[in-house]
Number of protein chains: 2
Amino acid sequence: MRLTTKGRYAVTAMLDLAINHNKDSVTLRNIAENQKISLSYLEQLFAKLRKQDLVKGMRGPGGGYRLARSADEISIAQIIRAVDEPMEFTDCHGLENCKGGERCLSHHLWVQLTDQLDDFLSNIYLGALMRESEQALEQRRTEPRQTGDRQKVTVPMH
Amino acid sequence: MRLTTKGRYAVTAMLDLAINHNKDSVTLRNIAENQKISLSYLEQLFAKLRKQDLVKGMRGPGGGYRLARSADEISIAQIIRAVDEPMEFTDCHGLENCKGGERCLSHHLWVQLTDQLDDFLSNIYLGALMRESEQALEQRRTEPRQTGDRQKVTVPMH
DNA sequence: TATAATACCTAGTATTTTAGTAGGTTATAA
DNA sequence: TTATAACCTACTAAAATACTAGGTATTATA
Ligand code: FES
Ligand code: FES
């Protein structure tokens, strides 16, 4: 019941990319520095994101990455799945055989839980998170030195 | 984004215990055999469940384990937490510092996700799962040889 | 009172996964 | 031609997980 840095890095990096959509492209070196993520590790994650057509890379000087689609068409679920995080709570992966060939007592519970999570992450889009982040940043700019103002944002519940 | 066998074993074993509540107690050896779980590993899990007052152990011949409380007062969240599965999706564990001291871009998302999961698992009780299992078993007894009748059960959504 | 069954405890280890490093090659703008 | 960036592959360190081994303590019962 963990989410690893792989998924977190991927979402964070994609968010960085979405926020900088006004620029032509963003280099991984930039993202690595901004978000404090190992460059080489990022490259590996982006290889997977590219294979799933979530980002587009451009080589050479001035090159970098950009979203392959609108931020409003990329869900968090897609990102996490792209970098190989299973998003699956059953042990049997649907085969109903984790109890030495048989279905275990709690199988159904994990299926329900998986559905719940999937539903949640499939309905949150990068675009929404991006706008929230920008709003938070804007607010911090206009109301400086106001600490403790934990940003209250709405994430759509299914 | 996985749930490990630790949590799955714990819930499955607790469910086994709940289903056999009519018996005075159930030995771990029984559970291990029924559910195909390593006995020694189960013992370690039950040490944790006991510390959280979820089960009560009785030594000696005829001894074993029983639920420390009614199955309707034990939530799945309690079980999973008891065996040390974090149930937490942030990397910072609330400290907002996973980006080298600063809060990362996606922090809020993981908080929301954690809340979602917690809410779900906190509202499912062992008692409900137990009754579902019994019902499924009963149905299989009265309608034998009827394959493909995937049991449709209701798990409360929050 | 001896025995066996059970919980209870601790340390170690094998395996797997994760996270990261190293060291390249290719493409391309300037 | 050069520098910059993507792109690629293999290796490695660290951590977590799953499991094993080998005990001790308690207690019903023969
Ligand atoms: S999780 Fe599917 S059979 Fe156990
Ligand atoms: S998850 Fe909390 S700061 Fe990154």
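In the text below, chain A, chain B and the rest are named by the order of the sequence lines, each starting its count at 1.
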Classify A:Y65 by what it touches in the nucleic acid, base, sugar-phosphate, or nothing, heavy-atom distance under 4.0 Å. sugar-phosphate
Neighbours of DNA chain D within residues 1-32 of chain A, by heavy-atom distance under 4.0 Å: A:R2, A:T27, A:L28
Starting at CG of B:L45 and ending at P of C:dC9, how long is that distance when rounded to a whole Å? 14 Å
Could you go through the salt bridge (charged side-chain N to carboxylate O under 4.0 Å, His left out) check for A:R2 and B:D91 one step at a time? CA-CA 9 Å; A:R2 290 174 312 124; B:D91 189 27; over 6 Å; no
Whole-Å distance between C:dA27 C1' and A:M58 CE? 13 Å
Using whole Å, what does the distance between atom P of nucleotide C:dA7 and atom NZ of B:K51 come to? 16 Å
Rounded to the nearest angstrom, tell me the gap between atom NZ in B:K56 and atom P in C:dC8. 11 Å
Do B:Q135 and B:S133 get their side chains close enough for a donor-acceptor pair, meaning under 3.5 Å? no
Does B:D84 come within less than 4.0 Å of B:K48, counting only side-chain N to carboxylate O? yes
Under 3.5 Å, side chain of A:S75 to main-chain N/O of A:N123, donor-acceptor pair present? no
For B:K36, look at atom NZ and say whether over 12 heavy atoms of other residues, nucleotides or ligands are found less than 6.0 Å away. no
Just how far, in rounded Å, is P of D:dA5 from CZ of A:F46? 15 Å
Decide, yes or no, whether a salt bridge links A:R131 with A:D72 under the criterion of side-chain N to carboxylate O below 4.0 Å. yes
Expressed as a whole number of angstroms, how long is the span from B:I37:CD1 to D:dT17:C1'? 15 Å
Footprint string (nucleotides 20-30 of chain D, 5' to 3'): B base within contact, S backbone only, - free, heavy atoms under 4.0 Å: BB---BBBB--
Say whether A:S122 and A:D118, considering side chains only, have a donor N or O and an acceptor N or O under 3.5 Å apart. yes
Residue B:D24 excluded, over 12 heavy atoms near CG under 6.0 Å: no
Could you give the CG-to-P distance, from A:D84 to C:dA19, as a whole number of Å? 12 Å
Take a 6.0 Å sphere around CZ of A:R29 and say whether it holds more than 12 heavy atoms from other residues, nucleotides or ligands. no
Tell me: CD1 of B:I80 to P of D:dT17, nearest whole Å? 13 Å
Taking OP1 and OP2 of C:dC9, is either one under 4.0 Å from a side-chain nitrogen or oxygen of B:R50? yes
